[in-house]
2 protein chains.
Amino acid sequence: MLHDPAQLDLMFQALADPARRQMVDRLSRGPASVSQLAEPLAMSLSAVVQHLNVLEASGLVSTEKLGRVRTCRIEPKALRAAEHWINERRLAWERRLDRLGEYLAETRDEN
Amino acid sequence: MLHDPAQLDLMFQALADPARRQMVDRLSRGPASVSQLAEPLAMSLSAVVQHLNVLEASGLVSTEKLGRVRTCRIEPKALRAAEHWINERRLAWERRLDRLGEYLAETRDEN
DNA sequence: AAAATAGTGAAGTAATCACTTCAGTATTGT
DNA sequence: ACAATACTGAAGTGATTACTTCACTATTTT
């Protein structure tokens, strides 16, 4: 469910915005309320809530409301899925380079 | 130069589009010309060139023109920078959880 | 030399984005 | 009960995005 392309799409889209990455960064140091997330950002609370909704829809962040405060936390599984996508492509490339290197070494021996 | 926030911004922005991720995926299997990149995509060549320019500006892809064909390849260093950003945040979170676990284990012993 | 191939560049367009403001609803502290 | 806090939601706006088409330039191939 985490590797389905639609979810991946939402995740990368969510990470594309600097304000949202800053929020993820903040949350990586521990849970925070909406106002705490908003505090270092130069924008209205409303804007922050909108960003938060994008993050939550992407699965990167989950929230829980107790009384009047909504506590947000990072969802490491989702983070790992994005990481994994990039990693796989990079590895594919590097494996290819390795094979090419071997091939070149072999054909050099044949001279 | 790869970790500067502006470059990171361009990279995540570039990865946010499904067509561009498909192009990166294709390139992870080996270099390709613009037309080869375009082939599986349901859009005009012009659109593909525009996506390619975004990828190149982000540093994720580099290109080289020989004669009339432009050959594109993945830039694993850039890919790694994006990977790294995500990884750091996830690790920060997981380290935090570990410390919390230790703390809980300790205070349990004190009962 | 002519035709086919490979890509480029500019202009236009519809949709989406990242905000804003403002008005509203719970919840909590005094 | 009243005020302050912590959000929430809707509507609007200007900028950016992801395309399109069309006209064009180089480079090969025949």
Side-chain angles (χ1 to χ4, degrees), chain A residues 5-27 30-75 82, chain B residues 5-27 30-75 82:
Chain A
Q7 198 70 8
L8 213 52
D9 215 67
L10 291 174
M11 287 193 292
F12 277 112
Q13 200 136 198
L15 289 173
D17 187 273
R20 282 189 301 256
R21 279 205 310 285
Q22 206 178 320
M23 291 166 75
V24 167
D25 186 47
R26 166 63 188 81
L27 290 176
S33 69
V34 176
S35 327
Q36 284 174 328
L37 279 181
E39 197 261 324
L41 298 170
M43 64 180 70
S44 71
L45 232 205
S46 252
V48 172
V49 170
Q50 285 170 58
H51 281 307
L52 186 53
N53 291 338
V54 172
L55 285 169
E56 202 171 5
S58 79
L60 286 167
V61 164
S62 66
T63 71
E64 191 191 4
K65 192 152 187 174
L66 274 178
R68 63 184 165 176
V69 351
R70 184 158 124 186
T71 303
C72 312
R73 57 190 79 252
I74 243 181
E75 216 45 70
Chain B
Q7 196 71 7
L8 212 55
D9 215 69
L10 290 174
M11 288 194 292
F12 277 114
Q13 199 137 192
L15 288 173
D17 187 273
R20 285 193 296 260
R21 278 205 312 284
Q22 206 178 322
M23 291 165 76
V24 168
D25 185 47
R26 166 62 187 81
L27 291 176
S33 68
V34 176
S35 327
Q36 285 174 327
L37 278 182
E39 197 260 326
L41 298 171
M43 66 181 72
S44 72
L45 231 205
S46 248
V48 171
V49 170
Q50 285 170 57
H51 280 308
L52 186 53
N53 291 339
V54 172
L55 284 169
E56 203 173 4
S58 79
L60 286 167
V61 164
S62 67
T63 72
E64 192 190 5
K65 191 153 185 173
L66 275 177
R68 65 183 164 177
V69 353
R70 184 159 124 185
T71 303
C72 313
R73 59 189 79 251
I74 244 180
E75 217 45 70

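Hydrogens, waters and symmetry mates play no part in the numbers below; they use all other heavy atoms, side chains included. Just so we're on the same page: letters track the sequence lines, and every chain starts at 1.
Side-chain N/O atoms of B:Arg70 include one lying less than 4.0 angstrom from OP1 or OP2 on C:dT8. Regarding contacts with the backbone of C:dA6, every side-chain N or O of B:Lys65 stays at 4.0 angstrom or more from both OP1 and OP2.
In this structure, the CZ atom of A:Arg68 is 4 Å from the C1' atom of C:dT28, given to the nearest Å. Between B:Leu66 atom CG and C:dA6 atom C1' the separation is 13 Å, expressed in whole Å. Going from atom CG of A:Leu10 over to atom C1' of C:dC17 covers 15 Å, rounded to whole Å.
For the segment residues 41-55 of chain B, residues with any heavy atom less than 4.0 angstrom from an atom of DNA chain D are, sorted by number, B:Met43, B:Ser44, B:Ser46, B:Ala47, B:Gln50, B:His51. Listed by residue number, the members of residues 12-24 of chain B with any heavy atom below 4.0 angstrom from DNA chain D are B:Gln13, B:Asp17, B:Arg20.
Across all non-hydrogen atoms, the minimal contact from A:Phe12 to B:Ala16 is O-CB, 3.8 Å.
In this structure the side chain of A:Met43 reaches within 4.5 angstrom of the side chain of A:Val48, judged on heavy atoms. Side-chain contact between A:Ile74 and A:Leu60: absent, with no pair of heavy atoms (C-beta onward) separated by less than 4.5 Å. Using a 4.5 Å cut-off on side-chain heavy atoms (C-beta onward), B:Met23 and B:Leu37 make contact. Contact of the A:Arg73 side chain with the A:Val61 side chain is not registered, since no non-hydrogen atoms from C-beta on lie closer than 4.5 Å. Using a 4.5 Å heavy-atom cutoff, the side chains of B:Gln22 and B:Leu41 are in contact.
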| said: Could you go through A:Arg70 and A:Glu56, starting from their C-alpha distance and side-chain angles, then the distance that decides it, and tell me whether this counts as side chain to side chain contact (heavy atoms under 4.5 Å, CB included)? | reply: CA-CA 12 Å; A:Arg70 184 158 124 186; A:Glu56 202 171 5; 3.5 Å; yes

| Run the side chain to side chain donor-acceptor pair (under 3.5 Å) check on B:Glu64 and B:Thr71 step by step: do they pass? | CA-CA 5 Å; B:Glu64 192 190 5; B:Thr71 303; over 6 Å; no

